[in-house]
Asker: 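Below is a structure I'd like to ask you about.
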Number of protein chains: 2
Amino acid sequence: MAWNKEHKQQTKEKILVSAAKLFAHNGFEKISIDQVMQEAKLTRGAFYAHFKSKSDLYSQAIIKGAQAAQTRKPKNSNASLANIAQYYLSQTHRDEYDEPPCPLAFLVSDISQQNEDIKNTYTQIFKGFVNQANEHTEDQQKALQSAVLMIGGLAISRALSDEDLSNDLLTACQKAINEF
Amino acid sequence: MAWNKEHKQQTKEKILVSAAKLFAHNGFEKISIDQVMQEAKLTRGAFYAHFKSKSDLYSQAIIKGAQAAQTRKPKNSNASLANIAQYYLSQTHRDEYDEPPCPLAFLVSDISQQNEDIKNTYTQIFKGFVNQANEHTEDQQKALQSAVLMIGGLAISRALSDEDLSNDLLTACQKAINEF
DNA sequence: GTCTATAAATAGATAGAC
DNA sequence: GTCTATCTATTTATAGAC
């Protein structure tokens, strides 16, 4: 029984990791349940033993993706806001497919098209993000501005086909945060 | 002949206006060609006399939407960047369904999931946006930062289910631009 | 150029065997 | 819990009448 429970947990984990990756790069609508299950090396039918709907999966996958993205942050406890911005607003974060990206930036306009449950999930993650920035600035308004420069800067940089402009944008956002 | 040509132009215009509105609020995947044509009071079959594909429509609808959003800007020639930010980062721009919204913010992460043609279109519109900011600041880097605070701020504010936080975010972005 | 009808593919979700 | 099979609905795109 304990073994079964743990096994189920691992299976669910595998589905969530697959979903987090596929959703982050393609959004909710472009990814099918079938694609997620294939990535997790399972079949469609097994899906509903773990999630009650595609929206349910999306919500949980965003949380999983945010946790995974956290592991990429600079780990020293005295890392400055500038340190965090440097990693967050990097070309690697923008381009590297195999590293878990931050769903706050990769899915921002996708979220505003989803139901209230999903917006609640996004909002909670965003609050955590701002709180982390707040530890460095001790100023709620600056924390919000930094969050927008990071999340918004990365999101826009991903939509631009002009790579020079995209790089300039990342740099400009870093500098704005450094000047805080 | 001239009459027919003009009539076709008007029909296409109606399709584009319908598409711009529906796409801006729901993204590319959630809107079907059928929905766009119904909004324009036409049927599916007529669509392909005007556009070669759904992607083609999307690209042209983004341009149309950006032009429509322009008409909402403060019109005085000596409007400051703060004036523009005040309208752009307003609750009305965020919430009002019947006013044409800026696709740069409403579709930012939707665009990064689309093909190169669409990214090119988005990039051109973004460059125009930054150039307008540049007229006020005379500083390319500040223009980029202002653009991120406006577009990113509005985009994130739309994804938040906590209205107080969403409003605070808009205000914080306005203040950051005012301090430039 | 616009219509109706339809082709062809794919989606989310469920049923039942093991 | 996972599988195969299937239901039902929806999608983009095309064909042909008017």
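Side chains are part of it too, since the values below use all heavy atoms of this structure and drop only hydrogens, waters and symmetry mates. Every chain is numbered from 1, with letters handed out A, B, ... down the list of sequences. Everything numeric in this text was worked out from a predicted model, so none of it was measured.
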Asker: Can you confirm whether Glu96(B) is buried at CD, in the sense that more than 12 heavy atoms of other residues, nucleotides or ligands lie under 6.0 Å from that atom?
Answerer: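 Enclosed: over 12 neighbouring heavy atoms sit under 6.0 Å from CD of Glu96(B).
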Asker: Using a cut-off of 4.0 Å between protein heavy atoms and nucleotide atoms, how would you tag nucleotides 3-18 of chain D 5' to 3' with B, S and -?
Answerer: BB------SBBB----
Asker: Provide, to the nearest angstrom, the distance between the CG atom belonging to Asp56(A) and the P atom belonging to dG12(C).
Answerer: 14 Å
Asker: Ring-plane angle category for His93(A) and Tyr88(A), please: parallel below 30°, perpendicular beyond 60°, tilted otherwise.
Answerer: perpendicular
Asker: With a cut-off of 3.5 Å and sequence neighbours excluded, list every side-chain donor-acceptor pair involving residues 170-180 of chain A.
Answerer:
{"from": "Thr171(A)", "atom 1": "OG1", "to": "Asn167(A)", "atom 2": "O", "distance (Å)": "3.0"}
{"from": "Gln174(A)", "atom 1": "NE2", "to": "Leu89(A)", "atom 2": "O", "distance (Å)": "3.3"}

Asker: What pattern of brackets, bars and dots sums up DNA chain D from 5' to 3', given Watson-Crick or G-U wobble pairs under 3.5 Å, [ ] for crossing pairs and | for another strand?
Answerer: |||||||.||||||||||
Asker: Would you please classify the geometry between the Tyr58(A) ring and the Phe23(A) ring as parallel, tilted or perpendicular, with 30° and 60° separating the classes?
Answerer: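 The rings of Phe23(A) and Tyr58(A) stand perpendicular, inter-plane angle above 60°.
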Asker: Specify the separation, in whole Å, of atom NE2 of His7(A) and atom P of dT2(D).
Answerer: 6 Å
Asker: Give a yes-or-no answer on whether the side chains of Glu135(B) and Asn131(B) include a donor-acceptor pair shorter than 3.5 Å.
Answerer: no
Asker: Between His25(B) and Tyr97(B), what is the ring plane arrangement, given parallel below 30°, perpendicular above 60°, and tilted in between?
Answerer: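 It falls in the tilted class, 30° to 60°.
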Asker: Side chains of Arg94(A) and Ser166(A): any donor to acceptor distance under 3.5 Å?
Answerer: yes
Asker: Distance check needed: dT2(D) P versus Gln38(A) CD, whole Å only.
Answerer: 16 Å
Asker: Can you tell if the side chain of Leu107(B) reaches within under 4.5 Å of the side chain of Tyr122(B), non-hydrogen atoms only?
Answerer: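 Sidechains of Tyr122(B) and Leu107(B): no contact.
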